[in-house]
Peer 1: 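My questions will all concern the structure given below.
Scope of the values below: all heavy atoms of this structure, side chains included, with no hydrogens, waters or symmetry mates. All ligand and atom numbering here is 1-based and tracks the order in the structure.
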Amino acid sequence: MRNYYWSLRNLILFGGLALIAMVTCREIASIARENTKNVDGILMTGRDEVSELKKRLQALEKKAKIQHPAVKFLPEGKRKRILVTGGAGFVGSHLVDKLMIQGHEVIVVDNFFTGRKRNVEHWLTHENFELIHHDVVEPLYIEVDQIYHLACPASPPHYMFNPIKTIKTSSIGTLNMLGLAKRVDGRLLLASTSEIYGDPEEHPQNENYWGHVNPIGPRACYDEGKRVAETMCYAYKKQEGVDVRVARIFNTYGPRMHMEDGRVVSNFILQALQNLDITIYGDGKQTRSFQYVDDLVDGLIGLMNSDITSPVNVGNPDEHTIEEFATIIKDMVGPTSSKIVHHPATEDDPQRRKPDIEKAFKGFGWRPKMPLKEGLTKTIEYFRAELAQEENNSPNIFLPDGYSNDL
Ligand SMILES: O=C(O)[C@H]1O[C@H](OP(=O)(O)OP(=O)(O)OC[C@H]2O[C@@H](n3ccc(=O)[nH]c3=O)[C@H](O)[C@@H]2O)[C@H](O)[C@@H](O)[C@@H]1O
């Protein structure tokens, strides 16, 4: 009897256990099924998020690619590390475009007095490009092969705004860059100017002409500053063996000129576009010869890579009076109610200017190519877009020729 009760008790016990095991298993299976569903759900959501992120990344990559115009690949032996001081300015940024497209590594140094970041923004994230916010009046320690030393305000209202700073930039700035060229055993090209000829008594101006400069006039901070900068180049060449090039740049115009540049081309175009008076200083009989910025850039690169160590004029000999120039621009801008008016002449304004460019042609085969009207058309379009940008707040990024503006 006792055994019978034991067996019955065990049977009930095992049965209970089996029941508990069965219920537990079903519970576990159902939890597992639920979890699998959840995991699948999480995976599905995760996959959606990943694919969404991938799409956004691709869009960003695409955008980043558009922002860099295509550059040539140069092998180590041919690729140079090139410093452009004033590289965010009007001329500097066009030079940077060309050097980058050629495949070099370019370092821009600018204090942004007249330069603007947007002039080089299409290169900002490129691996061959670097932008340094720095004033050349302070020393700079970097490793480079070539230095294009352009840093200095060049428009008369800008360089007269703070004459002491202009003198420091031309003198101490050039001294610092020559010191750098000496330390790294590199080549330096100085952006000098036709202003070193002053109000010239010889016409056209040949590189052998010594000039006619008022050393205490309002322009002296710039023209004497650049004259001493040239002197420094040849002192460093003679005493320290520094490899120098000196470009005497004549009047230059083109896209990316500052809206407040104050030089004649940008003034006349902006005045005509806005139906404002076109302001001739003096009688308008003074002459200038204007080159398009792309021609200048070709000349600078040609000179840098030539063997000519003495100064070379880089300009377009196509000479016009300022009066003629006002009419040309007024007609080209199209319907405008602007009137040509005369203001008092500026002090020490050079009366005639035209470069003799035989030396550049014989030395490295350079001649300007851009006809005045074509260059002016491009410049007028640029300023028209700048004015429109102010109105509708859309970007007006001037990219090198052949590249899209739809960033
Ligand atoms: O490119 C050059 O060789 C040099 O000459 C220019 O100086 P400047 O020729 O006086 O340049 P602008 O200010 O453009 O003046 C050109 C002529 O137009 C006149 N002008 C200028 C502006 C204006 O609104 N109206 C006007 O009649 C000036 O009086 C001057 O006779 C710049 O100062 C320098 O950057 C440059 O190195």
Peer 1: Looking only at heavy atoms, is any part of T279 under 4.0 Å from ligand 1, and if so is it the side chain, the backbone, or both, or is it neither?
Peer 2: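 Contact part for T279 vs ligand 1: both backbone and side chain.
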
Peer 1: Any chance the side chains of W123 and D97 put a donor and an acceptor closer than 3.5 Å?
Peer 2: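 Side-chain D/A pair, W123 to D97: present.
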
Peer 1: What atoms of ligand 1 come within less than 4.0 Å of a heavy atom belonging to A154?
Peer 2: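 Listed by number with element, the hits are 32 (C), 33 (O), 34 (C), 35 (O).
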
Peer 1: Which is closest to atom 24 (O) of ligand 1 in terms of heavy atoms, N267, I196, T193?
Peer 2: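 Of the listed residues, N267 has the closest heavy atom.
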
Peer 1: Decide yes or no for D145 and I82: does some side-chain heavy atom of the first lie under 4.5 Å from some side-chain heavy atom of the second?
Peer 2: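 No, their side chains stay 4.5 Å or more apart.
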
Peer 1: What ring pair (Phe, Tyr, Trp, His ring centres under 6.0 Å) pairs are there with at least one residue in residues 235-268, not counting sequence neighbours?
Peer 2: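 Residue pairs passing ring pair (Phe, Tyr, Trp, His ring centres under 6.0 Å), neighbours aside: H158-H258, Y253-Y292.
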
Peer 1: Check if F268 has a non-hydrogen atom at a distance under 4.0 Å from any atom of ligand 1.
Peer 2: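 True for this residue.
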
Peer 1: By number and element, which atoms of ligand 1 are closer than 4.0 Å to a non-hydrogen atom of Y159?
Peer 2: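 Under 4.0 Å from Y159, ligand 1 has these atoms: 33 (O).
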
Peer 1: Can you list the atoms of ligand 1 that are under 4.0 Å from a heavy atom of D349?
Peer 2: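 Matching atoms, with element in brackets: 28 (C), 29 (O), 30 (C), 31 (O).
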
Peer 1: Heavy-atom count check: over 12 atoms from other residues, nucleotides or ligands less than 6.0 Å from F113 CZ?
Peer 2: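 Enclosed.
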
Peer 1: Give, for atom CD1 of I142 and atom CG of L83, the distance between the pair rounded to the nearest 0.5 Å.
Peer 2: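 If I round to the nearest 0.5 Å, the distance is 4.5 Å.
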
Peer 1: Does any N/O atom on I280 come nearer than 3.5 Å to any N/O atom on ligand 1?
Peer 2: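 I280 vs ligand 1: no N/O contact under 3.5 Å.
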
Peer 1: Using ring-ring contact (aromatic ring centres under 6.0 Å, His included) as the criterion, list what pairs up with F112, not counting sequence neighbours.
Peer 2: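 Partners of F112 by the ring-ring contact (aromatic ring centres under 6.0 Å, His included) criterion, ordered by chain and then number, come out as H133.
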
Peer 1: To the nearest 0.1 Å, how far is atom 33 (O) of ligand 1 from its closest protein heavy atom, and which atom is that?
Peer 2: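 Of the protein heavy atoms, E195 OE2, 2.7 Å lies nearest.
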
Peer 1: Would you mind checking if K182 and E240 are paired as a salt bridge, meaning a charged N to carboxylate O distance below 4.0 Å?
Peer 2: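 Salt bridge present between E240 and K182.
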
Peer 1: Of the protein's non-hydrogen atoms, which lies at the shortest distance from atom 4 (C) of ligand 1, and what is that distance?
Peer 2: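 For atom 4 (C) of ligand 1, the nearest protein heavy atom comes out as R353 NH1, 3.5 Å.
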
Peer 1: So is I249 polar-close to ligand 1, meaning N/O to N/O under 3.5 Å?
Peer 2: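 Yes, I249 has an N/O under 3.5 Å of an N/O on ligand 1.
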
Peer 1: Among all the protein's non-hydrogen atoms, which is closest to atom 14 (O) of ligand 1, and how far away is it?
Peer 2: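 Its nearest protein heavy-atom neighbour is V264 N, 2.8 Å.
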
Peer 1: Regarding R353 and N251, is there a side-chain donor-to-acceptor distance under 3.5 Å anywhere?
Peer 2: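 The answer is yes; a qualifying pair exists.
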
Peer 1: With a heavy-atom distance limit of 4.0 Å, tell me whether R288 approaches ligand 1 through its side chain, its backbone, both, or neither.
Peer 2: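 It is the side chain that gets close, since no backbone atom is under 4.0 Å.
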
Peer 1: Salt bridge check, K373 against D331: does any charged N sit closer than 4.0 Å to a carboxylate O?
Peer 2: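 No, no charged N to carboxylate O under 4.0 Å.
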
Peer 1: Between Y281 and ligand 1, is there a nitrogen or oxygen pair with a distance under 3.5 Å?
Peer 2: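 Indeed, backbone or side chain, Y281 has an N or O that close.
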
Peer 1: Check whether the side chains of K226 and T174 place a donor and an acceptor atom closer than 3.5 Å, and report yes or no.
Peer 2: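 Result is no, nothing qualifies.
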
Peer 1: Any idea which atoms of ligand 1 are less than 4.0 Å away from a heavy-atom of R219?
Peer 2: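 Reading through ligand 1 atom by atom, the close ones are 7 (O), 8 (P), 10 (O).
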
Peer 1: Starting from atom 3 (O) of ligand 1, what is the nearest protein heavy atom, named by residue and atom, and what distance separates them?
Peer 2: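 Protein heavy atom at minimum distance: S194 OG, 2.2 Å.
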
Peer 1: Will you find, in the side chains of S289 and H320, an N or O donor that is under 3.5 Å from an N or O acceptor?
Peer 2: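 The criterion, which ignores hydrogens and geometry beyond distance, is not satisfied for H320 and S289.
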
Peer 1: Of all the non-hydrogen atoms in the protein, which one sits nearest to atom 11 (O) of ligand 1, and at what distance?
Peer 2: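 Going atom by atom, the protein heavy atom closest to atom 11 (O) of ligand 1 ends up being N251 ND2, 3.5 Å.
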
Peer 1: Could you check atom 19 (C) of ligand 1 against the protein and tell me its nearest heavy-atom contact, residue, atom and distance included?
Peer 2: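 Of the protein heavy atoms, Q286 NE2, 4.0 Å lies nearest.
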
Peer 1: I want to know if ligand 1 touches P350 in the polar sense, i.e. an N/O pair below 3.5 angstrom.
Peer 2: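 No, there is no polar N/O contact under 3.5 Å.
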
Peer 1: In terms of atom number and element, which parts of ligand 1 are under 4.0 angstrom from non-hydrogen atoms of I322?
Peer 2: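 Every atom of ligand 1 under 4.0 Å from some heavy atom of I322: 17 (C), 18 (O), 27 (O).
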
Peer 1: I need the E230 CD to S170 OG distance, nearest 0.5 Å.
Peer 2: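 If I round to the nearest 0.5 Å, the distance is 11.0 Å.
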
